[in-house]
Each structure stands twice: as C-alpha cells, then as structure tokens.
Amino acid sequence: MRRYLLGRLLRTIPVVFGVVTVVFLLIHLLPGDPVEIMLGESAVPAQKEELRRELRLDRPILSQYASFLAGIPRGDLGVSFRSREPVLGEIARRIPATVLLAATSITVAVFVALPLGVLAAMRRGKAADYLSGFAAMLSLSIPNFLLGPLLVLLFSVQLGLLPVSGYGAGRPLVLPAITLGTGMAALLTRMVRATLLEELRKEYVTAAIARGLPYRSAVARHALRNALVPVVTALGLSFGAVLAGSVITETIFSWPGIGRLLIQAIDARDYPLVQGCVLVIALSTVAVNLATDILCARLDPRIRYE
Amino acid sequence: MLLQRHGRVLLLLVLVSACAQKLPIDEGRMVIALPGAPVNVDPRVATDAYGEQILQMTHASLVGRDDAGEPVPDLAQRWESPDPLTYLFHLRPGLRFHDGRPLTSADVRYTFTWILDSANRSPHRGVYRHVAAIETPDPRTVVFRLSEPFAPFLSTMVRGIVPAGSPARGYAPPVGAGPYKIDDVSPDGEAVLSAFDGYYGGPPAIRAVTVKFVPDSNVRFLELKMGSVNFALNGVDPDLLPAASLPRRLVVEEGPGGNVTYLGFNLRDRALSDARVRRAIALAIDRETIVRTIWKGRADLVSSILPPGSWAHDPALPVVPFDPARARRLLDEAGFPDPDGDGPLPRLRLTYKTSQNEVRRRVATVIQEQLRQVGIAVEIQSLEWGTFFSDIKMGNFQICSLTWVGIADPDIFHHAFHSRSAPPDGANRGGYSDAEVDRLTEAARREPSREKRRETYRRVQRILARDLPVFPLWAGRNLLVRDRRLAGFLLTPDESYAPVRAMRIVPDSATPSTGGPR
C-alpha cells in the first residue's frame with residue numbers, strides 16, 4: 001500500500017509540472033501588461049520601469065519560470081501583483097469557501113444520484129426510470145449560468161426562502177451547492193443506473209436470488225457495491241469539472257472562493273496569483289483522483305495496489 | 001387531496017418565512033451593491049473604481065468636488081495660491097480620525113510623502129510629480145510647493161488622508177476621517193461600515209451601511225427585488241428595468257452621467273489619416289437610434305469627450321448629424337468611390353475592436369450595419385479586456401470603442417491629444433498631432449486663471465470637433481435604483497458615493513423624491 005501510494009505520488013509530479021508549465025507560458029503569452037494595469041495611465045514611464053524591475057518582470061521568462069519553480073518546495077508562490085499579499089495567503093483565505101461549496105455539492109450529488117439511479121435500475125422501463133432519465137437529461141442540459149439565476153428566481157424572489165447571494169455554511173450555501181451539484185447528480189444517476197443494470201444481469205446476482213435472498217438485499221448488498229466502482233471513479237474525475245463549474249457558480253452567487261479569485265487574477269494579469277491558483281487546483285485534482293483510486297480498491301478487492 | 005395538503009404546507013412555509021424575514025432597511029441598514037470587489041481600500045494605492053467608491057464614504061480629502069468638477073472644501077476649510085507654484089491649505093479645527101486621533105497637517109504631509117516615496121510603489125505617484133515640497137508651518141496649515149505651474153493641481157487633492165505612520169497592510173485599510181468608518185472588509189464578500197460620530201460635518205443619519213460585492217448583474221437586480229440590497233447606482237442593466245417588474249418598494253432615478261463613450265481612430269492608418277474619412281464615418285452613424293434602442297434612451301449625445309456638466313465644456317460645439325448622403329460624398333472626395341454601385345463590393349474595409357461587454361458588442365453590430373449602408377465594410381473584433389486594451393495602447397487597431405471614465409479636469413485634453421502623449425507617456429493612442437492643440441493644452445495647464453483656462457479648452461474642443469481624431473458618441477446617464485425609504489441622495493455625474501452621508505431613512509408613506517431626474 002505504502003509503495004503504491006509513493007509510486008502514485010511520484011507519477012503525479014510530471015502531471016502537476018506539465019500543468020503549471022503550460023499555465024505559466026499561456027499567462028505570459030496573453031497580451032496585457034500587469035504593470036500598466038497596476039499603475040494606470042497616469043504613471044510616468046520611469047515609474048513603470050521601476051515597478052517592472054521590482055516585480056522581476058524585466059528578467060528573461062526562463063529565469064522567471066525557474067524562480068517560480070524554486071519557490072514551490074518552500075511554499076513560496078510569490079506575492080500577488082494586485083493586492084501585494086503573499087499568494088499562498090490569498091489562496092488560503094479563499095480555499096475554505098471553495099472546499100465548502102465543492103464538498104456540499106458533491107454530497108448533494110451523491111445523495112440524489114444514488115437513490116435515483118438505483119430506483120431507475122430496479123424499475124427499468126417503468127415510469128420511475130423514464131422520469132429519472134428525463135430529469136437527468138434536463139439537468140445536464142441546463143448550464144450553471146442559467147440554472148443559478150432560475151433557482152434564485154424561484155427560491156429567493158418568488159418564495160423568499162433563501163438569500164440571493166452571500167457566503168455562509170447555512171442558507172447561503174443551499175442554492176450554490178444545488179447549482180454546482182445538479183449536473184454531477186444527473187451524470188452520476190445515469191452511471192449508477194447503467195452499472196447497476198449491468199451487475200444485475202450477472203450470474204452471481206441470479207444465484208443469490210435463487211438461494212432465497214430477497215431481490216432488494218441482492219441489489220443492496222452485492223450488486224450495488226460492485227456497481228459503485230466505476231461510479232466512484234467518475235466522481236473523482238468529475239471533481240475537476242466541479243472546480244471548473246465553481247468559477248461560474250461563485251461569480252453568480254458572489255461566493256468568495258478560489259474560482260472567482262482566479263478570474264480576477266487573469267483579468268489583472270496577476271501572474272503569481274494565476275499560477276498559484278492553478279497549482280492548487282491541479283494538486284487538489286490529483287489528490288482527489290488518488291483518493292478515488294484508493295477508495296475503488298477498498299470497494300473492489302480485485303483491484304490491487306500495483 | 002394529498003397535493004392540496006402539501007400545497008397548504010408549502011404556502012404556510014412561504015408565509016412564515018416571509019413574515020419572519022426582516023429586510024435590512026427595516027433594521028436601519030443601507031445595503032449598497034457594487035459590481036465588483038475592491039482590490040484594496042487604501043486611498044494611497046487604490047486605483048479601481050470599487051475601492052474609490054468605498055473611500056468616498058470613509059476617507060475625507062483636503063478638497064472635494066462639486067457637480068461641475070469644481071473643487072469644494074472638505075478637510076481644508078479654505079485654500080489660497082499666492083503664486084502658481086504655491087498652494088496653502090487651512091484645515092478645519094477639531095478634525096479627528098475614526099480612532100479618535102486628531103488630524104493635523106502632519107498627517108496630510110505623511111499621506112502625500114508616502115505616495116511620492118518610490119519604495120511604496122503607489123500608482124498615484126505620477127499624479128503628484130509636480131510636488132517639490134510639502135511644508136507644515138503649523139498643525140492646521142499645509143503648504144504644497146510645485147516644481148512648475150500645474151493648474152489642475154487642486155483636482156489632484158481629492159485623495160483620502162490617513163494618519164501619519166499608517167502602514168499599507170493589504171486588506172486591512174487604514175483609518176480615515178470620512179463620515180463612515182470601516183468595521184470589516186472581507187475579500188470578495190462585503191464591506192461593513194458604521195457611522196462616525198466624530199465626523200466634522202456631523203454624524204450621518206444612516207448608522208449602518210453594508211457594501212456587497214455582487215458581480216452578476218442579474219443577481220444584483222434580484223437582490224434589489226428581494227430587498228437584501230436597497231441601493232444600486234449604475235448596477236442594473238437598463239434592459240432589466242421595465243417599471244412593471246419592479247416592486248413598489250423600489251424607485252428608479254436618472255441623472256446626467258460623466259462617462260463619455262467614443263470611437264477612437266488610428267490616424268496612422270492610410271484611410272483614417274484623412275479627416276474626411278473620419279467625418280464620413282461619424283456622419284454615417286445614427287447615434288439617436290442607437291441610444292433609443294440599445295440604451296433605452298438612457299444616454300445623452302455629446303460632441304466632446306469632456307462631460308457636458310464640466311466647467312470647461314463648450315456648449316456651442318457643432319453636433320455631427322446623421323447624414324449618410326454627405327458621408328458618401330466625403331468618401332468619394334477622399335478617394336474611396338463606390339466600386340460597384342448597389343453591388344456588394346465595399347469602398348473600404350476597416351476593423352472595429354471592442355471589449356466583450358454585451359452592450360458594446362451590440363453597439364458595434366449596429367454601427368457595422370450603419371457603415372455598411374455607406375459602403376464601409378467593418379469587421380468586429382470583440383476581445384477580452386486585457387488583450388483589447390493592450391492592442392489599443394500598442395496602436396494595433398483601426399477603429400476602437402472606449403469610454404473615458406471619471407474625467408475630473410480638462411487637462412485630459414493634454415493627456416489624450418498632445419502629440420507627446422502617445423502611450424506610454426499618455427493616452428494619445430490614435431497618434432493625433434496638431435501644433436495648435438499642443439500649444440493650447442500646454443498653456444492651459446500653466447494658466448492659473450479659471451476663466452482663461454475655460455476659453456483655451458473651448459478652443460481645443462473646437463479644433464478637435466473639426467479634426468475628429470475621436471468621435472464622441474454619448475454619455476450614459478447615471479441610473480440609481482433605491483428603496484423609496486432611502487432619501488436625500490444627490491445623484492452626481494461622477495457617480496460619487498460621497499452624498500451617502502446626507503441620506504436618511506424615512507417612513508414609507510413619505511415616498512420622497514430626492515435627487516430626482518435632472
């Protein structure tokens with residue numbers, strides 16, 4: 001297990017390295033000068049040059065890249081151009097909001113998808129199956145930027161039950177979590193249904209039922225457990241999609257998370273902050289995928305740590 | 001039956017929830033929505049509009065600004081300029097900061113010395129490059145000595161004063177001496193302000209103000225409808241404001257705006273270097289139709305980049321009419337005849353760059369069609385702001401659409417049209433050059449007499465109206481949506497939040513008319 005973990009961790013290094021390199025190059029290739037954006041047009045050229053030197057933007061790009069990489073092991077991601085705060089602090093201030101939102105939306109998705117998917121599989125070809133399929137297709141077809149305002153219209157403006165925007169673990173969290181989790185719930189519902197149907201067709205389920213095990217127990221105790229392996233894998237893979245979706249959801253609901261920070265950083269051409277945000281997002285995606293693999297191995301003993 | 005029972009439960013839930021929810025205004029709290037979060041709230045370094053707007057409520061300056069951009073007393077009770085190189089400011093007696101410390105001339109000197117210190121990297125340093133020395137002969141007098149005459153100097157004194165020794169601490173803003181003190185600022189969340197009882201002008205009537213940072217315009221509108229936000233200045237898309245959809249609780253006010261949208265021409269381009277081509281483009285654009293259809297009438301046509309409310313604006317400037325026939329004649333004269341009559345071939349092809357703002361893109365599409373009518377084929381390039389503005393500053397454009405925001409002094413003409421003001425030294429992005437404009441704008445910034453400056457700038461505006469290095473289109477009107485119980489706000493062209501200090505909450509029955517449409 002330890003060897004497996006170490007091996008997996010080592011294999012993530014080139015992935016993260018590749019991501020930060022591509023992002024570093026892309027953000028530097030984008031037109032737009034951070035010094036101009038910071039100082040505005042009233043600044044005199046000498047002042048701009050001075051700031052360029054101070055931010056080390058006058059150095060060759062390879063040298064800037066080397067400094068960035070050298071800082072990572074020390075936890076030094078540089079200082080934000082726009083706020084003059086350490087990048088790590090800027091990100092740390094936003095991480096709780098994004099983690100709260102992502103975790104809640106994933107939880108919502110799982111709690112909706114599991115019963116719906118199981119129900120659809122067990123009632124295959126019946127009304128419940130068609131209804132769940134229709135709901136899933138509808139949810140997948142509505143983009144976040146439309147679903148968010150629609151939910152606000154219904155639950156905040158019409159019913160007055162929930163706040164339109166804001167940050168908090170209680171009522172302000174409900175609508176953003178549903179907005180972000182709906183797409184994933186739809187996807188997972190279809191996956192649970194499909195994988196469970198496949199398991200239900202297998203002989204061990206028939207044998208279990210033949211031996212007198214009630215159908216529901218055969219599904220819950222045996223088939224569902226095996227059906228969950230690909231679902232958990234999909235869940236891990238969709239974590240990246242949740243983070244991507246959080247960029248829009250956080251903007252709609254004024255949620256002070258890392259997605260919104262990343263957008264602001266790109267607008268301001270705040271290179272260290274963009275690089276820092278992407279590094280943290282890449283690392284967390286890799287970590288979640290690693291955790292997913294371990295969970296899959298726990299669920300299915302046939303998967304070995306190799 | 002089941003549905004009926006559940007329906008009743010739901011209705012009861014909604015009613016209970018509605019009854020239980022008190023709006024912020026019921027508790028005496030004003031909630032302002034801003035479209036974005038400030039990067040910081042420190043008058044020495046803040047450059048973004050959102051930071052400046054909060055500072056207008058929290059940090060008092062030596063001088064303020066009235067509707068026409070004229071300096072008015074703020075912390076300085078009065079001032080004098082014995083010669084063009086010297087400005088004396090006399091502070092009011094008994095001034096105090098939010099933390100109780102007295103505000104003296106030493107704090108004023110510290111604030112500006114801090115900005116001028118290159119080690120502090122203040123983006124405002126360039127604005128004060130004419131300041132040679134700051135003296136404090138006594139605690140209530142500050143003397144600014146300039147290295148050369150600089151007539152717009154007073155307008156640069158609208159800068160919040162902070163206590164001597166205040167470090168720049170990222171998100172923790174330094175205290176000020178404005179009508180509201182900052183209790184808390186959460187990045188990307190909100191700023192919580194409370195009334196400052198020691199304010200020299202008396203404590204503001206509204207004791208609690210929250211500034212919410214809400215980036216999505218639909219959500220801002222919905223927050224207003226719900227009452228969780230009760231004040232939004234230019235925060236709502238005019239398309240969302242058909243009166244019927246607004247609750248009775250809200251009122252809409254309009255006032256002249258100070259942000260002028262214009263078409264910029266690149267005069268280095270072969271076709272656009274000809275003033276006849278630029279005039280033909282201007283004549284081919286039906287601005288009134290665009291304002292009526294896209295802006296829903298909420299913009300005023302202009303003939304200068306200086307807002308109509310400015311003291312130096314020339315009201316006698318000729319208005320460019322919509323005259324496509326004359327535009328075609330001018331294009332013929334300029335050597336761009338129609339190659340195939342009613343056929344598809346254009347007289348000339350131009351690229352029109354704009355940002356990704358939805359309204360600007362719609363405007364670009366209409367202009368594209370209007371120019372097609374006179375034989376000019378326009379390709380629209382809608383770019384992300386950073387890329388767009390970088391292109392414009394590098395001169396990589398033919399026509400662009402931009403807006404001048406917050407023009408405080410007519411010295412803008414030196415910044416935007418002097419031949420030595422090409423980027424990075426200024427904002428003459430189109431490469432305009434005219435010896436007379438150079439001479440006049442240089443003279444005006446050295447001229448102490450306000451009357452003489454006004455006359456000089458009017459001459460500059462007449463030359464620019466003749467040459468059309470840019471085509472000023474319109475000034476968007478300021479649009480305020482507020483709870484009708486929030487009274488006493490004076491809508492100014494520069495979108496200032498300073499008048500918040502004069503506001504009060506009145507009973508609903510009073511339904512006051514405050515600033516009102518002007």
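Quick note on labels: first sequence line is chain A, next is B, and so on, each numbered from 1.
Most heavy-atom pairs under 4.5 Å with chain B: of the set A:Ser165, A:Ala268, A:Pro256, this distinction falls to A:Ser165. By number of non-hydrogen pairs under 4.5 angstrom with chain A, the leading residue of B:Ser186, B:Gly227, B:Ser118, B:Ser228 is B:Ser118. Interface summary for chain A: among B:Val229, B:Asp391, B:Asn218, B:Leu222, the most heavy-atom pairs under 4.5 angstrom belong to B:Leu222.
In plain terms, the two heavy atoms of B:Met226 and A:Val164 that are nearest each other are SD-CG2, 3.0 Å. Closest non-hydrogen pair, A:Asp267 versus B:Glu384, comes out as OD1-OE2, 3.9 Å.
Of all residues spanning residues 145-156 of chain A, those with a heavy atom less than 4.5 Å away from chain B's heavy atoms are A:Pro149, A:Val152, A:Leu153, A:Ser156, arranged by number.
Looking at heavy atoms from C-beta onward, A:Arg269 lies in side-chain contact with B:Thr387 at the 4.5 angstrom threshold.
Neither the backbone nor the side chain of B:Glu190 comes within less than 4.5 Å of any heavy atom in chain A. A:Gln264 touches chain B through its side chain: at least one heavy atom from C-beta onward sits under 4.5 Å away, while N, CA, C and O do not.
The line from CD1 of A:Ile263 to CG of B:Asp188 is 11.5 Å long, rounded to the nearest 0.5 Å.
The salt bridge (charged side-chain N to carboxylate O under 4.0 Å, His left out) search around B:Arg220 returns none, not counting sequence neighbours. Under the rule for a ring-ring contact (aromatic ring centres under 6.0 Å, His included), A:Phe239 has no partner lying at least two apart in sequence or in another chain. Residues passing the ring-ring contact (aromatic ring centres under 6.0 Å, His included) test with B:Tyr432: none are found, sequence neighbours excluded.
Counted within 6.0 Å of CZ on A:Arg56, heavy atoms from surrounding residues, nucleotides or ligands total 12 or fewer; the atom is thus considered open.
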